[in-house]
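Read through the structure below, which is laid out as structure tokens, and then see the notes.
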Amino acid sequence: MPPNMHCTQSSHLLTALLTPTRTTTSPPAFLLPAFAQTSPFSSSTPCSARKDHNRNRGVSALRHTGLGKNQRLSVRLSNLPQPVLDPLRRSVVKVDENHGLWGFFPKERTRISTPEESNMHGRAWTVQELRGKDWDDLHRLWWVCVREKNRIATTEVERKRLGGRFGMYGDHESGQRVAEVKGTMRCIKFVLTERWYAWENAREAGMEDPEVDLYADVEGGERAYLPQEEGEETLSLGSEDDARTDPTQRLPPPVESTVSSEARVRV
Amino acid sequence: MAMAAAAPFKVGMKEIYLPNFTVCLKHTPSQPPTSASFLVPLWFSKLDLRDYLHNVYSLAIGPTIRSYVQQSRIRQGQVKDPARPQYKRWHRPRATKRMTVELERPFVWPAEPEDFKPWNKEENKMADQEQSAMQERLGGTKDALTIPTERRVKMREQAKALLEGRERWRPGGGRGVEGIGMFSR
């Protein structure tokens, strides 16, 4: 429709009614007044965009914007590239095999995983299994879990969108899968915490222990463990009660009573 | 998973180990294939996302990232025991943060599945329709303006039977111990 035309104009009504698909049929009698009316319904004058006669609008002398004196642009206003609005006519985009975003999709590179595919998972790692792993392995496993959680979250959002009003199955399976992943992550943190406490306890014990030198430079050749040479009877099976039961010791001092003797006499 | 190459942007000194959050990729068909949108934690920044995508997904990104926070609408909380009267638990759930990123290489999402049979979409729809039909049949609310035709026809038949003497009226609808009514099905 031309820009100056309104949908209620009689000429538009005529062209709409008397289309080639319709054979020679005159418009119904009740529509005849529409053709009689020649003026538009709106009484205000239609205003089109005015031409802006200011060539230097938006051009800044301070910022040095705008075209140079003899600068020619490669594109003319009349020759601008037009976007292809119809998605079927657009060129097919070739997606890189190793694109990073594939990490958000299932292994089969489908849009979302089916409930069956979601259900094909094992159990979480146990603490006992992870105790034998070093930091690098645990770190790698953590990030594998994070990527899997991201992938499941992406699937869930898309599945909810595609499900529409009534929804689709797959909620329970995804939930179970995520629970296993979270279990693994929990166990990794458990193992690392355990390790840290063991290290901390050892460090504190080492600080107390006279035989251990924590400031030793082990790589430099110094020894961290320096056992004291006391002889062969270093093993003592003593207890805290030895001072009391040892016959060679003197008798312990008497327990002093808190009540004074003067108070007792008075009573 | 290979270690990421040297970042093309300036990196900071802070090292982060074992973070626990989720970044989700959103489907945006109206955006061109060279852009991608993510749902990120609310405390996330653009620099965080750039670093995350580089290190975790080896994703090369254009110069700018756009972000916005979407506020949630106020809604009622779950009522766990509908029998007891409770406060309405009106609250505004946490807002969500979305970030849009320009990609160096375009990415098109895989096609939608043609048949939703593995997800039982049709069955869900049918179940929902069955349930609403059943609720209508049961009579609906007391102040329902319209009564379903099926029920009206049945009521007419029952009234006719009573008037013609084929059935006898009993108090309580003749509901016995088993719960069978006057006009047992």
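Chain naming here is simple, since letters A, B, ... match the order of the sequence lines and numbering starts at 1 in each. Atom set for the values below is all heavy atoms of this structure, side chains included, hydrogens, waters and symmetry mates excluded. Small disclaimer: the values here were computed from a predicted structure and weren't measured.
For A/Lys189, the part lying under 4.5 angstrom from a heavy atom of chain B is the side chain only. For chain B, no part of A/Arg90 is nearby; none of its heavy atoms comes within less than 4.5 Å. Only the backbone of B/Ala111 comes within contact range of chain A, with at least one heavy atom under 4.5 Å from a heavy atom of that chain. Interface remark: A/Ser118 contributes no atoms to any contact with chain B (heavy atom separation under 4.5 Å). Of the atoms belonging to A/Thr114, heavy atoms from both backbone and side chain fall under 4.5 Å from chain B.
Between A/Arg111 and B/His27, the closest side-chain pair of non-hydrogen atoms falls below 4.5 Å. Within the 4.5 Å cutoff, side-chain heavy atoms of A/Trp135 are placed close to those of B/Tyr17. You'll find the side chain of A/His99 reaches within 4.5 Å of the side chain of B/Leu59, heavy atoms only.
Atom CD of B/Glu130 sits in a sparse spot, with 12 or fewer heavy atoms from other residues, nucleotides or ligands closer than 6.0 Å. When the shell of 6.0 Å around CD of A/Glu108 is examined, it contains more than 12 heavy atoms from other residues, nucleotides or ligands. Other residues, nucleotides and ligands contribute more than 12 heavy atoms inside 6.0 Å of the CD atom of A/Glu129. Atom CZ of B/Arg89 has 12 or fewer heavy atoms from other residues, nucleotides or ligands within 6.0 Å. Within 6.0 Å of the CZ atom in A/Arg109, the count of heavy atoms belonging to other residues, nucleotides or ligands exceeds 12. The environment of A/Tyr197 atom OH is sparse: at most 12 non-hydrogen atoms of other residues, nucleotides or ligands sit within 6.0 angstrom. Environment of CZ in A/Arg55: sparse, with no more than 12 heavy atoms of neighbouring residues, nucleotides or ligands closer than 6.0 Å.
Between atom CD of residue A/Glu116 and atom CH2 of residue B/Trp119 there is a gap of 10.5 Å, rounded to the nearest 0.5 Å. Of the inter-residue distances, the one linking A/Tyr169 atom OH with B/Glu123 atom CD reads 7.5 Å to the nearest 0.5 angstrom. Separating the NZ atom in B/Lys117 from the CE atom in A/Met168 is a distance of 14.0 Å, to the nearest 0.5 Å.
A/Leu162 and B/Glu112 get closest at one heavy-atom pair: CD2-CD, 3.5 Å. Closest heavy-atom contact between B/Pro110 and A/Trp102: CG-CZ3, 3.9 Å.
At a heavy-atom cut-off of under 4.5 Å, chain A is reached by B/Leu103, B/Arg105, B/Pro106, B/Phe107, B/Val108, B/Trp109 from residues 97-109 of chain B, listed in order of number. Within residues 18-25 of chain B, the residues approaching chain A closer than 4.5 Å by heavy atoms are, in numerical order, B/Leu18, B/Pro19, B/Asn20, B/Phe21, B/Thr22, B/Val23, B/Cys24, B/Leu25.
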Side chain to side chain contact (heavy atoms under 4.5 Å, CB included) between A/Asn150 and B/Tyr52, worked out: CA-CA 12 Å; A/Asn150 287 354; B/Tyr52 186 85; 2.8 Å; yes
Side chain to side chain contact (heavy atoms under 4.5 Å, CB included) assessment of A/Phe166 paired with B/Met126: CA-CA 9 Å; A/Phe166 306 110; B/Met126 277 159 50; over 6 Å; no
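In terms of non-hydrogen atom pairs under 4.5 Å with chain B, the most contact-rich of A/Ala153, A/Pro115, A/Pro87 is A/Pro115. Interface summary for chain B: among A/His139, A/Arg161, A/Arg151, the most heavy-atom pairs under 4.5 angstrom belong to A/Arg161. Ranked by heavy-atom pairs shorter than 4.5 Å toward chain B, the options A/Thr155, A/Ile112, A/Val92 are led by A/Ile112.
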